[in-house]
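Heads up: the structure comes next, in structure tokens.
Per chain, numbering begins at 1; letters A, B, ... match sequence-line order.
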Amino acid sequence: MKDQAHRSPAQGETRAQQFENARSQAGQVSLSGESGVLFEQAMAQTRMAITLADPNREDAPLVFVNRAFRELTGYSEEEIIGRNCRFLQGPGTDPAQVRKLREAIASEEVVIVELLNYRKDGTPFWNALHLGPIYNDDGSLRYIFGSQWDVTDVHAARADEKHARMMEREISHRMKNMFAVISSIVTMTGKLDGAEGLAEKINARIRSLGRAHEAMLEVSFTEGPTDPRKLFRDLLHPYAPMGAGSVTLVGGKVPLDSNVVSVLALSLHELAINAVKHGAFSVPDGHVRLDWSLEEGPDGEARLGLGWTETGGPAPGNGAARKGIGMTIISRMLALGEGDIQYDWRPEGLHVEIHFPTSL
Amino acid sequence: MNMMDRQTDSAASPLSGKTVLVVEDEVLIAMDINECLEEAGAHVVYGRNLRQGMQRLEHEVDVALLDVSLGHTETCLPIAQALRERGVPFVLHSGDLQRLGETISNIGAPVLEKPCDTSEILQALQGAMQRVG
């Protein structure tokens, strides 16, 4: 915000010259004689609405208001002077804030409150009101100084933010519900159709998908790279025998898209399930290290590289022989997205490398 | 559905032997759609974003299924225009009818709302081909 009352110094003037000018001007000021004039001029120019109230008179009436105050409130000087400033209050004004003002005035303290006030035409505005005591030379209270600034815009922005947060919670709630309903349908159908085992496999995948999207709910995909740590944690910890202790996550922020989240969720889900059945997550001391980084693909497209390394579990043997449905899903999914996956059944544990575009 | 049914299906399907362009940015959805189309005997050319979709137009395509919103900022509009110029019928597939309503009605093609059954997709593609043929 530019304050027009602040004139910029003439061009070409050096800092030293400015200082010298200011000093000589200050020297010319006879404070006793001219301070009144200066005060008047400064008050007329500033865009901050300023008031003085006299606490020594009945009901502390306003004795001075500047132009900015008249413009802010829409009242003329005659309508203001002599009245207590509570005439700006209205039905929406918070009594607690008013009480705070009253207490501060009584105890001669400086107070800042945000108050819903009303202009002469009835329109409300949010007033950031600062009140503080001004004393005489002898220490007695002379005036109550008030400055007010219209912060309606700030309030609107805050309200928008609050609304956005509320929507976020609502969406999160609905999404969880939706995933739960889908799960129930799958379970019920599976039971009635004598396919409970199949239903559970489907449900486990749906749950992982739900966890992944839940973890990414607060992430705006358009705002650049994000930290996928929470996503990976939420996906892997439910399957890790010692929770966080069984998983090491190594990597920085990467650009992610919502459709990439689904692919990541299902891929990691299958690897985790496989580890639970045959690998590192089948024993208490087993460990999985997941590292990730950004790579450049053959055509210059940004790619995500993931390394999955299991240790401490049983020797995997020939895992290729038992490449199940899960592995098939990952392979097809990644192939379609021009990614790839390589398995290395090392004696100390399975090692998997996955690469795919960060934006599918 | 057993193998016998599938074979009879694909022989009977009007999509059998046709080339179908599928543009869809959710690979999981694409995987499902592509497999169903292939089971119906179609040859699928797939693009997962606008750039790839445009590139796939180098193929002779009989019919296309276009996801309307591609990525954060792009839509299938350029592909739709190119297909229209060539007289290739297409069906739009969108999960965001409310937000994309105007874009969709401007394109003026049959629309399927996500999520929809793959059998509906097959039907819509067949219908689009019949209207042209």
Quick check: closest heavy atoms across B:Val27 and A:Leu336, and the distance to 0.1 Å?
O-CD2, 3.6 Å
Ionic contact status for A:Arg332 with B:Glu38, cut-off 4.0 Å:
no
Atom NZ of A:Lys277: over 12 foreign heavy atoms under 6.0 Å
no
Crowded around A:Glu170 CD? As in, over 12 foreign heavy atoms under 6.0 Å?
yes
Note: B:Arg48 and A:Gly337 closest approach over all heavy atoms is NE-O, 3.5 Å
Distance (rounded to the nearest 0.5 Å) between B:Leu28 CG and A:Leu209 CG
7.5 Å
Are more than 12 heavy atoms from other residues, nucleotides or ligands located less than 6.0 Å from atom CD of B:Gln123?
no
Does any heavy atom of chain B fall under 4.5 Å from the side chain of A:Ile329, the backbone, both, or neither of them?
both
Roughly how far, to the nearest 0.5 Å, is the CG atom of A:Asn259 from the CD atom of B:Glu26?
4.5 Å
Should we count CE of A:Met175 as having more than 12 external heavy atoms under 6.0 Å?
yes
